[in-house]
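Here is the structure we will look at.
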Amino acid sequence: MAAKPSAPFPRSILIDQGLADKFLPTQLFPEKFEDACQSVGHPVNLRRHPGYDHGYYFITTFMADHLPHHAAALTT
């Protein structure tokens, strides 16, 4: 059994999910991750985007939001 962390990750988690992703119904299950975060009171921002899949254009569309999110985590 893995050790339970003594404190939650100190920042919120940012996730962008394309709703047209072919892996969504069989492999990804972001709602389970969201539920797990909620069950322990950890902030998560799960943004769902209609019409996006798992490809290059999806990643480049939302990268500009993720860079400052991660940069802020590195400075605290």
Side-chain angles (χ1 to χ4, degrees):
M1 182 155 131
K4 184 176 181 178
S6 60
F9 182 70
R11 297 295 224 156
S12 67
I13 298 171
L14 175 59
I15 300 171
D16 283 292
Q17 177 61 61
L19 296 178
D21 189 324
K22 68 180 180 179
F23 301 106
L24 186 60
T26 59
Q27 297 178 29
L28 298 177
F29 310 112
E31 66 282 354
K32 290 184 179 184
F33 188 83
E34 185 176 43
D35 290 346
C37 287
Q38 288 176 351
S39 74
V40 297
H42 192 88
V44 62
N45 185 5
L46 175 55
R47 305 184 309 182
R48 296 164 172 92
H49 304 280
Y52 283 93
D53 60 10
H54 201 84
Y56 172 81
Y57 293 108
F58 171 77
I59 294 167
T60 59
T61 299
F62 302 105
M63 184 58 68
D65 295 339
H66 285 260
L67 291 175
H69 177 82
H70 293 290
L74 293 172
T75 60
T76 58

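We're numbering straight along the sequence, starting at 1.
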Considering all heavy atoms, the nearest G51-A20 contact: C-CB, 4.0 Å
message: Check for me, please, whether L14 and M63 land in the same ILVMFWY cluster - side-chain distances under 4.5 Å, paths through other members count.
response: no
field: Test item: R47 side-chain N/O and F62 main-chain N/O as donor-acceptor pair under 3.5 Å
entry: no
message: Check for me whether the distance between the ring centres of F33 and F29 falls short of 6.0 Å.
response: no
query: Once you round to the nearest 0.5 Å, how far does OG1 of T26 lie from CG of D21?
result: 8.5 Å
field: More than 12 heavy atoms from other groups under 6.0 Å of NE2 on H69
entry: yes
- request: Could you check if a side-chain atom of Q17 sits within less than 4.5 angstrom of a side-chain atom of E31, using non-hydrogen atoms only?
  value: no
- prompt: Roughly how far, to the nearest 0.5 Å, is OG1 of T75 from NE2 of H70?
  reply: 13.0 Å
task: Specify the closest pair of heavy atoms between A36 and S39, including all atoms of both residues, with the distance to one decimal.
output: O-OG, 2.8 Å
- line: Between the CG atom in L19 and the CZ atom in F58, the distance rounded to the nearest 0.5 Å is 9.0 Å
Identified side chain to side chain contact (heavy atoms under 4.5 Å, CB included) counterpart of I15 within the set N45, L46, L28: L46
statement: Smallest heavy-atom separation, G18 atom then L24 atom, equals O-CD2, 4.0 Å
